[in-house]
Number of protein chains: 2
Amino acid sequence: MLNERSQKVLCAIVQTYINNPEPVGSGFITKRYSFNLSPATVRNIMADLEEQGFLSQPHTSAGRIPTDMGYRLFVNSLHSEIEYQPDNRSNLYKMVNELESIKDDINILLEETTKRLSGFSHYLSVAVSPSTRISTFNRIEFLRHRGSQVVAVLLTDEGLIKNKVLDVGSELSQRHLNRISEYLNSEFHGYSLIEIRAKILREMAREKDLCDTLISRAIRICKDALFFPYDDLFISGFAEVLGLPDLSDVEKIKEISKAIEDKHHMLQILEKISDTDGVKVIIGAENSIMQMKGFSLVAASYKEGDRPIGCVGMIGPTRMDYSRAIAVVNTTARFLTRIVTDRK
Amino acid sequence: MLNERSQKVLCAIVQTYINNPEPVGSGFITKRYSFNLSPATVRNIMADLEEQGFLSQPHTSAGRIPTDMGYRLFVNSLHSEIEYQPDNRSNLYKMVNELESIKDDINILLEETTKRLSGFSHYLSVAVSPSTRISTFNRIEFLRHRGSQVVAVLLTDEGLIKNKVLDVGSELSQRHLNRISEYLNSEFHGYSLIEIRAKILREMAREKDLCDTLISRAIRICKDALFFPYDDLFISGFAEVLGLPDLSDVEKIKEISKAIEDKHHMLQILEKISDTDGVKVIIGAENSIMQMKGFSLVAASYKEGDRPIGCVGMIGPTRMDYSRAIAVVNTTARFLTRIVTDRK
DNA sequence: ATTAGCACTCTCAATGCGAGAGTGCTAATA
DNA sequence: TATTAGCACTCTCGCATTGAGAGTGCTAAT
C-alpha cells in the first residue's frame, strides 16, 4: 500500500513536525535527511501521501502536517524499535527511587507517580487505582459510627483500602457487627468483588422475604459496602501542558480541561486499557470513545503477577513525543507492576 | 476621605463593569443612572477617583475600570445590604435539597457541593474538609494488612474518616492491635488531635528508652496514625471558568491553573478562613498570601455548633458578581453548618 | 523515474487611513 | 464656587493595501 521510500519520508516529516510545530516543506526534508532526492521528488511523494490521507496542508502554499493517520503509521513503525533511551532513564531512575519509599499505600503511590511523571514529561499524566470490580476480597470490617451509621472498611488483596459510610437502619452493637464481618470474611475471602456481587444478588433473590437473620442482614449491608461506582482517578500536570505551544489556543485548552473534568468518561477509556497488555497508543479522535480531537493518549496497564489491574498513562497533543512517552509509560507501568506484585 | 457622591459614582462604575467587562465612560453613567450630573462632572469625579487609586485607565482615551481598591470599596458598601435574592434561592434551594440525601459522608458531601456550586455559579468553587488538627478524636481502630503493615482507621466527632497504612516493624496479632486501640480510645476520647499529638510527644520524650510495653508501642504507632499533613481539598468548575470573558487570555488561565494545582498553598489560604466567622472576601493581590493577581476569593467557614471547622468558597475574576457570590457562599456555609451540627 | 525551472498562491507583518469613543481643558453659566 | 457645554486631542480598532517569503504544482528536459 505504501512503499518503503514513501514511508520513510512520512516518518521524517512527522519527526520534523514533532520537533518543531511548523508545516514541513519539501526543501527542509531534502536538506536535513540524506534521502538523495530532490525537493521536486519529495513534493511528488508528499502529494501522494496527502491523497492517501497521511498528510494535510493548512493552505495551498504551506508545507504539510501529519494527520492522525500519519501519526498512526509513525507510531506503528516506532513500536518495534523502542528501547529505554539513556537520558530518559536517568530521570526515570530518580523518580522510581523516590517512589520506592512510599509504596505502602497504593493510592498515595499512584498520586505521587502521576505528579512526578507530569513534572518531567510536561504532559498530562493519569493513573487509575486497581479496578474495584475485579479486585480480590480480602476482608471487611465494620465500625460503629453514630446512630445507625456504620463505617465499612474493605481491604483487597491488591492493597486497596476503601471505606464507606452506611446507614443500616437500626443501631447495631459492635459485637453484632463483628459477627457479621466474620461471617462475610469467611464466606467471601478470595473471591473477586464482582463475583461476590453476583453471589449476593442471587442470594437476595432467593431469600427475598426471609426474616431478619444474621445472614440476610449481613448480605444486605454487604451489598452496599462492596459497591464502588468509580475507581480513583489521578490526574496531574495541567499547568504543565499549558506551556506547550500546541495549547496556545483557548479552545484547545477548553477541550482538554473538559475531558479531564469528566472523570467518568476518562475512567471508561482507561478501564479498557487496564484490561489489555502492553503499551497502547490512541491518537486523536481515532477511538470514537475518546473525543479529544487533537490529543493523544499513551497508556499501559500495570499488573499483579500476570493479571492487569489498573493503568497509568500520559496525555499530550497529537504532536507529542511518542517515542519518549511510550518508553516512559512502559517503564512506569513495569515499576508499578513490580511494586504491586512484590508485596503480596 | 471620599464623599458620598463620589462613592456612589464609583459603585455605579464597578457595577457597570461587572455587568459588562468594558471600560466605563462618563456618558454611560449619566445615561444609565439618574445622578442628575453631566458627563463633564462625572469626568471630574472619575479623575479624582483615579488619582486616589480606585480607578484606572487602560489608555488615555478609554473609560475607566476599577482597581482592586475600587472593588474593595464596592464590596464593603455591599456587605451590609446582602439578602438572599429570590432567584439565587430557587437554584440554591434545589441544590440543598439534592445534597440532603448524601449527607452521610462529609467528604462526598463536600465534593458534591463544590460540583453543584460551580455548576450554577460558573465560578471555581472550593471546599476543605474539617481540619484534622482541631478535630476531636472519637476512636481509632487497627486492622492487620499484610506482613508488618497495619491499616489505621480514625473516626472523629466531626464525621471525618481517615485511614492510613502504617508499618509497625513486626507482625502484630489482631488481638494485640485491639488491645492497643482500646487503650488509645479510652485515653484520648474527646481530645482534639492537636492536643493528642502534643501529649504523645511529651510522653515519648519522657519514656524515651522504655522497654517495649503495650503503651509505648501504642504511642509510637499512634503518632503516625494521627498525623495528616494536609486536609482534603475539593475544587470544581475549572471548565466553567474558562468560559468567562476574563479568561480569554492564556496567561490568565495559566495563572489560575497554577494556583489550583498548588493544593498546599490553597489550603493555607483556606485554613485561615476556616478559623474566622462570616463571609470573607479577598480581592486580587490584596492579601499577600494570595498571589493570584486578577482573581478574588469569596469564602465562609462552616461550623459545628459555634466552632468553625472548615470552609467553602468561590474563586472568580476580580470582576466577579460579588453580591451573588457572597449570598451563595453564605447560604451554602449555613447549610453545611446545619448538616454537620445536626448529626451529632 | 527524476529533476530543474518557473509561475502561482497563500500567509504574514508592516503601513496607512478613517471612524468612533472618551478624555481633558477652557470658558461660560447658575 | 460648583457645574456644564464645547471642542480639540488621543488612542484603539477594523479594514484595505502592499511586498517579502515560503512552498507549491506543473511542465519540459534529462
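What you see is a predicted model; the values in this text were computed from it and never measured. A note on names: the letters A, B, ... follow the listed sequences, proteins ahead of strands, and every chain is numbered from 1.
- Between B:Glu255 and B:Lys293, none of the side-chain N atoms (NZ, or NE/NH1/NH2) sits under 4.0 Å from a carboxylate O, so this pair counts as no salt bridge.
- Residues from residues 56-68 of chain B placing a heavy atom under 4.0 Å of any atom in DNA chain C, listed by number, are B:Gln57, B:Thr60, B:Ser61, B:Ala62, B:Gly63, B:Arg64.
- In this pair, A:Tyr17 and A:Tyr71 present their aromatic rings tilted. The plane angle is within the 30 to 60° band.
- Separating the CD atom in A:Glu50 from the OG1 atom in A:Thr67 is a distance of 9.5 Å, to the nearest 0.5 Å.
- Ring-centre distance between A:Phe28 and A:Tyr33: not below the 6.0 Å cut-off.
- Ion pairing of B:Glu261 with B:Lys258 is absent here, as no side-chain N (NZ or NE/NH1/NH2) approaches a carboxylate O to less than 4.0 Å.
- Here B:Ser38 reaches the OP1 or OP2 of D:dT4: one of its side-chain N or O atoms lies under 4.0 Å away.
- Residues A:Val126 and A:Leu270 have side chains in contact (heavy-atom distance under 4.5 Å, counting atoms from C-beta outward).
- Side-chain contact of B:Ser6 with B:Asn3: a donor-acceptor pair under 3.5 Å is present, judged by distance alone.
- Nucleotides of DNA chain C that come within less than 4.0 Å of any heavy atom of chain A span, from the 5' end to the 3' end, C:dT2 to C:dT11.
- The partner of D:dT27 is C:dA4, by the rule that a Watson-Crick or G-U pair needs both atom distances under 3.5 Å.
- Looking at B:Ile282, B:Ile315, B:Leu297, B:Ile260 one by one, the single match for side-chain contact (heavy atoms from CB on, under 4.5 Å) with B:Met292 turns out to be B:Ile315.
- Both distances falling under 3.5 Å, in either a Watson-Crick or a G-U wobble arrangement, place C:dA30 opposite D:dT1.
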